[in-house]
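Accompanying notes for the structure given below.
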Amino acid sequence: MATVSKTLTRSMPSLAPREDLNPYRISQMQFDIAAEYLKLDAGLRQVLRTPKRIMEVAIPIKLDNGQVKVFTGFRVQHNVARGPAKGGMRYHPSVTLDEVKALAAWMAWKTATVNIPFGGGKGGVICDPKRMSKGELERMTRRFTSEILPIIGPDRDIPAPDVYTDSQTMAWIMDTYSMTVGHTALGVVTGKPISLGGSLGRNEATARGCLNVVEEACKIKRINLRGATVVVQGFGNAGSIAARLFLEKKAKIIALSDSRGGVHNPRGLDPLKAQRFKERTGSVVGMPGGARISNEDLLTLKCDILIPAALENAVTLENAEQIQAKIVAEAANGPTTPRADEVLARKNIFLLPDILANAGGVTVSYFEWVQNMYGYKWSEEEVNQKLEATMKRAFADVYETSRKYHVHMRTAAYILAVGRVADATMVRGLFP
Ligand code: NAD
C-alpha cells in the first residue's frame with residue numbers, strides 16, 4: 001500500500017495552486033483591485049475591464065525564397081474614453097491575443113496615470129523578426145498596416161514601437177497609411193525617424209522617464225543615485241538607454257542581459273561598450289570586463305535598483321522572495337505578477353509599476369503627435385523638460401494616492417488611472 005501511494009504521489013501533479021501567468025487575466029486582477037477600492041458599480045466595471053475592439057488579421061506575404069507565408073496579427077483597443085487609442089506594435093514569436101489584450105489595457109491605465117489625452121491600444125504579429133530579412137519585414141509591416149487600416153489613424157489609434165519594432169517599422173506604417181488615404185499623415189504613428197516628423201528625445205524617452213521616477217523614489221528610500229548599484233534585464237531600447245542614463249548619473253551598472261543571457265561585474269560595466277559589443281556579436285554575452293550570468297541569477301543579485309526591461313513575468317512567486325533590490329523600476333510591461341507584488345511589498349521593496357515607470361515613452365509619443373498635428377518642432381531640451389515635469393507630477397500623484405489608501409505603488413497607480421478613466425466614461429454617458 002505504501003508503495004502504491006508513493007507512486008501515486010510521484011505521478012500526480014502538485015496540488016499547490018500554481019500562479020496564473022496569463023497576462024490578460026493578470027491585467028484584470030490588477031484592475032479588479034482598483035475597482036474595489038474605488039467602489040465602482042458592476043456595470044462600469046464591465047465596461048472598463050473589457051477591450052472595446054479586437055481585430056485579428058491574416059498577413060500573407062511573399063518570402064525572399066518565393067514561397068508565400070501567412071502571419072497572424074492583432075490590434076486591440078482597450079478603451080478610448082479619454083482620447084484616441086495609443087500603444088506599440090510588438091513582433092515576437094510568443095505574441096498571443098491575450099498578451100496584446102493585456103498590453104492594450106495597460107496602455108489605457110498608463111496614459112491615464114500620466115494624464116495625457118489618449119486611450120489604450122496595442123498590436124502584435126506572431127513572427128520571428130530575427131529570422132526575417134529587411135524586405136520580408138517591410139512587406140509584412142505594410143500588409144499588416146493595410147489590414148488594420150480601417151481602425152487606425154491620427155484621431156483613432158496611433159501605433160508606436162515596442163519589442164523588436166523600431167523607427168523604420170513606424171516609417172513603413174506611416175507611408176502605407178499615407179499612400180492609402182492620399183495625403184501625408186505624420187500623426188498616424190509615433191516613434192518615427194527624426195527626418196519624418198519624429199520627436200527629438202523620443203528614442204530615449206522610456207528610459208529617461210524611468211530615471212525621472214527612480215530619482216523620486218531614491219529620495220523616499222534615501223538612496224544616493226551616485227554610486228547606487230543597478231541591474232538591467234533586457235538590453236533593448238528601454239534597457240540599454242536606461243543603463244546609459246543611469247551611468248551618466250554616476251550610478252554603477254553591475255549587470256546587464258538580453259535574450260541570450262547576461263554579464264556581471266560588481267565593480268561596474270560600461271553600457272556603451274556593451275552596446276558596441278552587442279552590435280558586433282548580437283548579444284552582450286561574452287563582452288570583455290564581465291562574467292557570464294544567467295537571466296535568472298541576474299534578477300536576484302544584491303543591488304539598489306533592479307530594472308526589468310525585457311518581457312512579462314520576470315518576477316514571479318518562483319523568485320520574488322530572492323529579490324534583493326531596494327527599488328524595482330518596471331521599464332518593461334507586466335514584468336511582475338500580482339503574487340510577486342505581495343512578496344515585494346512584504347519585503348518593503350519600493351516598486352515603481354510599469355504604468356508609471358515606463359510611461360515616458362508614451363508621454364513623448366504624445367509630444368510627437370502634438371508636434372505633428374500642429375507643425376511644431378520642439379528642441380530636445382524642451383521635450384526633456386516637459387517629460388520630466390510630467391513624470392514627476394505623475395509620481396507625486398501616485399505616491400499621494402498610495403499614502404491616502406495605504407496601498408503599494410501599483411495599486412495606487414491603478415486607483416488613480418482607473419478613477420480617471422471611470423470619471424471620463426461616466427461624464428460621457430452610455431451611447432445610445
Ligand atoms: P527591444 O526589442 O528594443 O528590446 C528587448 C530586449 O529584451 C532585447 O535586448 C532582447 O534581447 C531582450 N530580451 C528578450 N527576451 C528576454 C529574456 N527572456 N530575458 C532577458 N532579455 C530578453 O524592446 P523595448 O522596446 O526595449 O521593450 C522592452 C520592454 O519595454 C517591453 O516590455 C516593452 O513593452 C516595454 N516598453 C517599451 C517602450 C518603448 O518605448 N520602446 C515603452 C514602454 C514600455
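Counting starts at 1 for both ligands and their atoms, following the listed order. Just so we're clear, the structure is a prediction, and the values are computed from it rather than from any experiment. Side chains are part of it too, since the values below use all heavy atoms of this structure and drop only hydrogens, waters and symmetry mates. This chain uses plain numbering: 1 for the first residue, then up along the sequence.
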What is the minimum heavy-atom distance between A238 and A207, and which atoms define it? O-CB, 3.6 Å
Under the salt bridge (Lys or Arg N to Asp or Glu O under 4.0 Å) test, which residues partner E248, sequence neighbours left out? R244
Given a heavy-atom cut-off of 4.0 Å, could you list the residues near ligand 1 in chain and number order? R90, D162, V163, Y164, R202, T206, Q233, G234, F235, G236, N237, A238, S257, D258, S259, K278, N295, A309, A310, L311, A331, A332, N333, N358
Between E147 and R143, does any NZ, NE, NH1 or NH2 come within less than 4.0 Å of an OD or OE carboxylate oxygen? yes
Taking the six-membered ring of Y24, is NZ or CZ of K101 closer than 6.0 Å to its centre and within 45° of its axis? yes
Only pairs at least two apart or in different chains count here, so list each side-chain hydrogen bond (donor to acceptor under 3.5 Å, both in side chains) that has a residue in residues 73-86. R53-Q77, R75-D157, Q77-D157, R82-N115, K86-T190
Sort and list the pairs that fulfil ring pair (Phe, Tyr, Trp, His ring centres under 6.0 Å) and have at least one residue in residues 240-285, not counting sequence neighbours. none
